[in-house]
Structures are given as C-alpha cells and as structure tokens.
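Beneath this line is the structure, given in structure tokens, with notes to follow.
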Amino acid sequence: MSRIDTPAASRMQTLARNPVMLALVMTLALAGCASKKNLPNDAAGLGLGAGAATPGSQQDFTVNVGDRIFFDTDSSSIRADAQATLDRQAQWLAKYPNYAITIEGHADERGTREYNLALGARRAAATKEYLASRGVPANRMRTISYGKEKPVAVCDDISCWSQNRRAVTVLGGAGS
Amino acid sequence: MLRRNFFRLLMVLFAGCGLMASPANALVEININKGNVEPLPIAVTDFLQGELARKISDVVAADLKRSGLFAPIDKGAFIEKVSNPDASPRFEDWKVINAQALVIGRVTQEGDGRLKAEFRLWDTFAGQQMLGQQFYTQPENWRRVAHIIADAIYERITGEKGYFDTRIVYVAESGPKNARKRQLAIMDQDGFNARALTNSNDIVLTPRFSPNRQEITYMSFENQQPRVYLLQLETGQREVVGNFPGMTFAPRFSPDGQRVIMSLQQEGNANIYTMDLRSRTTTRLTNTNAIDTSPSYSPDGSRIVFESDRGGKQQLYVMGADGSGQTRISFGDGSYSTPVWSPRGDLIAFTKQSGGKFSIGVMKPDGSGERILTTGFHNEGPTWAPNGRVLMFFRQNAGAGGPQLYSIDLTGYNEQLIQTQGFASDPAWSPLME
C-alpha cells in the first residue's frame, strides 16, 4: 500500500480506517460539495477540532490525535508513523490526566490463532512501553490482546490485513 | 452426557459363536499402513425391523464410507433379501456382487423400553462369521449404538481401533467477520447431535478434551480477562485455571488428566506453565524472551512439543515434561505452529506457513519425515482421531467469509467436509470411550 506522508493526509488515512470517522468525513465531504467549496486540508479546518470535538473528549482523542497505530507483518516494532501518533497520544494524555487507557493489541488473520494472541499482546506491550517512555504513567495503562479475533477490515488481501495489524488506545474512566 | 454409566451401555458377545478371531486369521483384512488403500467392498444390509433399525444400519454404512477404507455397496445391487438375521446368509449371492464383507443386524425394543441392537459381520468369501455382538441402550442413543457397531467392524477388519464413537468440541462461529460471535459447541464426529456449550458474547477459543471426556479446557475473554478455564460437560460448571498475572491461553490436558499445560503472557513474552489440578501448584517450564506456546504432551506424558519464535520465527521444539532439553525439530522452509502429538506417539501434526499458503502436515518427533497432507489459502489447527489415523482441522478459503471443519486421512487422501450449521474452527477430537 502506498503511504502519503503529509500529516493531514496520514490523519485522513487514520480517519478512513475508523468507520465512525469515515462516516463523519463523508458527511463533511457531501456538505462541501453542496456548498461548492473546496474541502479544507487539515483537521482544524474541517471543523473536527475545536468546533466539532470538545477538547478532552473521546471524539477529540480519536479524531485529532488518532487512536490507533499499525504494524508490519509479524512485527511489534513501532514504526515512524506510529511514533508520531503515539507522541500525540502521550501529549494529549498528559493534558487530560483523568483518563486511564486500555491498549488493545491485534493481529491480522494470516497467522495461527494461539500465536496471534501472543503477537497482539506483544504489540500492546510495545505500545505501552513507548507511551511510558513519553511520560504516560504505567498505572494509567492496561493492555489486552484480541489476537486475530477482532478484525476491522474484512477482505482477504493485504489492504485489509495491514489495517488489522494494529494497537488501539481505548480511553477508560477516570483513574484505574 | 459423557459419564460412563449414563448410557448403561451393555455389550454382550453372542455366546458360542467362535467370535473375535484375530485379524491375522481372517481373509477379509485391510492393511491400513500401506498408504492409499483400495476401499473394501462391504454390504451393509438394512437392519431389521422398521425405521429406527434401518437408520442405525445407514449410520454404520456412512461411518465406514467416510473412513475411506470401506466402499459400502449400493443396496439396489443386493440379491439376497435378509429376513432372518440369525441364519447363515447365502454367500454366493454376496460374492457375486463382490461384497467381501457383509453386515446383518436386528434392532428390537425390550419390555423396559430399551433398544437391543444385534449385528453379525460375515466374511463372504470364507463363508465365516467374523463378529457377532449385541448392545442395549436407550432409544435416544441410537446413533451412538450405530457408531459403536461401526467401530467394532472397523477394528475387526483393519486390526486397529475405530474412532466413530467419538465427539468433537469446536468453536461455532456466527455473524459477520468484524463482529463474530463465538460459542463452544460439541457434536458427534460425523457432525450430528451438535449443541452449544456456551452462550455469551465473550470470545471463547481453543476447547480441548480431558482424557476422560468429561471436561474441556478452553480460553475465554470473560470480564475482559483472557484466561484458561475448565468446563464440566455434565454439570456446566466452570472455573478459572490458576491465578496467573496475565493472559493465559493455548491450554491442553496432560495425558493423565492431572495437569493443564498452557502459555502465560507477560508483557511481550509468552512462556509455558503447567498447573496441577489437585494441588493447584504451578510450574514454569520455559523461560525465554519470546513467544512459547501451543504445548502438547506426548501420549506417555514424558515429553512436550511446542512452538517458539525464539529463533526469529515460529518453529517446533520438543522438551522433557520438566522443561529440560529444549530442542528445535522443524527446519523446513517457512514457519511451523500448533504442534499436536499423535495418540500413537509416532508423529506430530502441525500447521505450516510457507509462500503465503497454510498447510497441515506431520513429522516424526525427531523432526524427520516431514509430510504435507493439504495446502491452501488457510488451513490451521490439526487434531488427531484417537486411533492416530485421521486428522481434523479448520480451513478458510479466500473470500469464504469464515472457516469450516475438514477431516483428512493420515495418507493425505480422503479429505471430507464436516457439516456444521455455521462457520466452525478449533476442532478437538475426543478420546475413545474406554
């Protein structure tokens, strides 16, 4: 899959991978067409920042920060694009210290079930370790692996598998 | 359901029939160690009398056919119409249609409501009875009696234990791929009598039988805590296995049923532990900065095969039951996983990933003699029939939407789809009832 490196574009990719956000983008795109304006090219301009998503809200985290990172096949290394996302997550979590998080580790379906449970756990652990290195206290983070059991993309080729190899940061209640 | 005395199944040999001659003395014999054997033509006549009797003989014939070792002859070709199951058949009538073996039976209802099922197995060319047995059971167990009769015929002719009176636990899958519901389910080995064992939205995976068939160990995500559980089949009682500080998964029983072996995940690493079910003590067997998982005991309990990516990618290793002498045994192209030791002890079955394909294969416990049985888009998770002769696994074809169960002969021939209501994965074959 080709990767576009501008921050806004990569954020759009992140958005497109999230069905809820995809719906939001679609709505905005339609609105944009109706008013015959060009779509703004960054999240704030889209009205998804201060306007649509209350700062410090779940939506703010998902849309403006990015709740998930992706991995290479059979790897738990935090890629450069993932580091950027996790850096934003760490900054956001420092700003809103009332949130605890659960990091969900996932694998694609091109592996065996038991190994993939461990691989998902390894990805979640690597994500947790990276966030800890960026100042997120360990006691605010828990991890869980779902192995290959919860794919988000369901096709049988690499375009889906690459979206399923992921770690998702889920905001929990206050403290932990 | 599985407790031995529940069925009150009584086997009585016909007196004075000179039964149970050893297979070596029989003319009708299948040597199943010769690779792809020509199936033995056998005539399974409708058991007398009535609908249930006929259904029982149909299940016997279906079992024998599905094994790939027998070719039941079309009933339309039969010449003799059997009216007295106690009389000697007209062997010429059966020889002329090349029925080398002949099965005749009778099912009657006793005064107390029980079924009495009798059958005789004849060697038509020798003109001799090979076997004659009778069984009593409750009418609702009619399929089970049929499987027991099929096992007796299989054993008498092949010289090896049958596997028809067995069950499969598996994961029944329903709903779309990105919102899949998974339940544990159990069914007879031929896909009949399926029923769910769990009903919740928690993910449940990898059920495996205890040696006495009364318990299952499996993994559940109940309470968002992925852990290994035990389930009593008869009572439905469940309990968590051990109190481990992390995800436990990939459980299996030891051959004596006294221990559960499994992986414990801590941060990025998985290591192998056992828990003694009586003393509740846990023992750590591996200690690596890697993923060690899918442990499976040798049938004598002295050794354990498992997979590890300690060398970079998933490979198979064998160690002593105490964790000593960890030795890599797989060296082919690709990666190897989900090893399962054969009940005979002579082979280890595995999943192999190579060149974007998933295969099921077997190798000897020292890693030699690797043989691939089937290859495709996704084949995973073999389990052995208790006679070590047949394997079951799950397969998902590209674009299929979900997995299904298949069985395959150790030779790589006779692949069969196991019919399930929805998608199915993670089959585990029960031991034979002793």
Side-chain angles (χ1 to χ4, degrees), chain A residues 17-19 71 73-78 100 102-130 132 138 141-158 160-161 163-164 166-167 170 172-173 176, chain B residues 171 173 176-180 182 203-206 219 221 224-226 246-251 262-271 290-295 306-309 312-314 335-338 350-353 356 358 377-378 380-381 394 396-401 403 425-426:
Chain A
R17 287 175 184 126
N18 183 320
F71 295 86
T73 298
D74 203 10
S75 167
S76 58
S77 298
I78 307 293
T102 297
I103 301 161
E104 297 179 352
H106 297 269
D108 67 31
E109 46 274 58
R110 301 307 283 164
T112 44
R113 185 168 256 168
E114 291 174 340
Y115 180 80
N116 276 7
L117 286 168
L119 179 58
R122 190 186 261 173
R123 286 172 174 159
T127 304
K128 179 183 169 184
E129 192 178 330
Y130 186 92
M141 299 187 278
R142 73 180 280 268
T143 60
I144 188 169
S145 171
Y146 289 103
K148 63 175 175 176
E149 310 307 324
K150 286 192 161 188
V152 287
V154 300
C155 70
D156 278 332
D157 63 49
I158 195 170
C160 287
W161 302 332
Q163 296 176 60
N164 292 335
R166 69 200 193 277
V170 178
S176 66
Chain B
V171 175
E173 304 194 9
K177 201 168 168 184
N178 56 357
R180 188 65 45 96
R182 295 177 179 81
I203 297 170
V204 286
L205 301 172
T206 64
M219 184 212 193
F221 279 71
Q224 303 294 300
Q225 298 216 318
M247 172 174 73
T248 49
F249 62 109
M262 69 201 116
S263 285
L264 167 65
Q265 187 77 32
Q266 289 185 285
E267 299 300 328
N269 305 323
N271 280 285
I291 294 172
D292 290 355
T293 192
S294 301
F306 63 101
E307 62 169 84
S308 175
D309 68 352
K313 60 183 175 182
Q314 292 162 276
S335 63
Y336 295 77
S337 54
T338 77
F350 53 81
T351 306
K352 180 177 184 175
Q353 289 170 251
F358 284 61
F377 176 73
H378 197 117
E380 181 177 343
F394 65 101
Q396 181 161 348
N397 293 316
S425 60
D426 281 353

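Letters go in sequence order (proteins before strands), and every chain restarts at 1.
A donor-acceptor pair is defined here as one N or O able to donate and one able to accept, closer than 3.5 Å; such a pair exists between the side chain of B:Asp426 and the backbone of B:Thr206. A:Asn116 places a side-chain N or O within donor-acceptor distance of the main-chain N or O of A:Asp108, the cut-off being under 3.5 Å. A:Arg123 contributes no side-chain N or O that, together with a main-chain N or O of A:Arg166, makes up a donor-acceptor pair within less than 3.5 Å. Under a 3.5 Å cut-off, the side chain of A:Thr143 and the backbone N or O of A:Ile103 do not form any donor-acceptor pair. Using modelled atom types, no side-chain atom of B:Asp309 and backbone atom of B:Ala290 make a donor-acceptor pair closer than 3.5 Å. A donor-acceptor pair under 3.5 Å is formed between the side chain of B:Lys177 and the backbone N or O of A:Val154.
Of all the listed residues (B:Met247, B:Gln314, B:Arg180), the one sharing the greatest number of non-hydrogen pairs under 4.5 Å with chain A is B:Gln314. Top candidate by heavy-atom pairs under 4.5 Å with chain B, chosen from A:Asp157, A:Leu117, A:Asn164, A:Asp74, is A:Leu117. Counting heavy-atom pairs under 4.5 Å between each of A:Gly105, A:Gly111, A:Ala126 and chain B puts A:Gly111 at the top. Chosen from A:Ser76, A:Ala124, A:Ser145, the residue pairing most often with chain B at heavy-atom distances under 4.5 Å is A:Ser145. Chosen from B:Gln396, B:Gln225, B:Gln353, the residue pairing most often with chain A at heavy-atom distances under 4.5 Å is B:Gln353. With chain A as the partner, the residue from B:Glu173, B:Met219, B:His378, B:Arg182 showing the most heavy-atom pairs under 4.5 Å is B:Arg182.
Residue contact with chain A, scored on non-hydrogen atoms closer than 4.5 Å, involves the backbone and the side chain of B:Ser294 alike. Heavy-atom distances place no part of B:Gln266 under 4.5 Å from chain A, backbone and side chain included. Residue B:Ala400 touches chain A through its backbone alone, counting heavy-atom pairs closer than 4.5 Å. If you measure heavy-atom distances from B:Leu205 to chain A, the contacts under 4.5 Å come from the side chain alone. Neither the backbone nor the side chain of A:Thr102 has a heavy atom closer than 4.5 Å to any heavy atom of chain B. With a threshold of 4.5 angstrom between heavy atoms, B:Phe221 approaches chain A through side-chain atoms but not through N, CA, C or O. Interface remark: A:Thr112 contributes backbone and side-chain atoms alike to the contact with chain B (heavy atom separation under 4.5 Å). Residue A:Glu129: no heavy atom, backbone or side chain, is found under 4.5 Å from chain B.
Here the closest heavy-atom approach between residue B:Asp292 and residue B:Ser308 is recorded as OD1-OG, 2.5 Å.
Ion pairing between a basic and an acidic side chain is recognised when a charged N comes within 4.0 Å of a carboxylate O; A:Lys150 and A:Glu104 show no such pairing.
When side chains are defined from C-beta on, A:Arg113 counts as touching B:Ser425, because their heavy atoms get closer than 4.5 Å.
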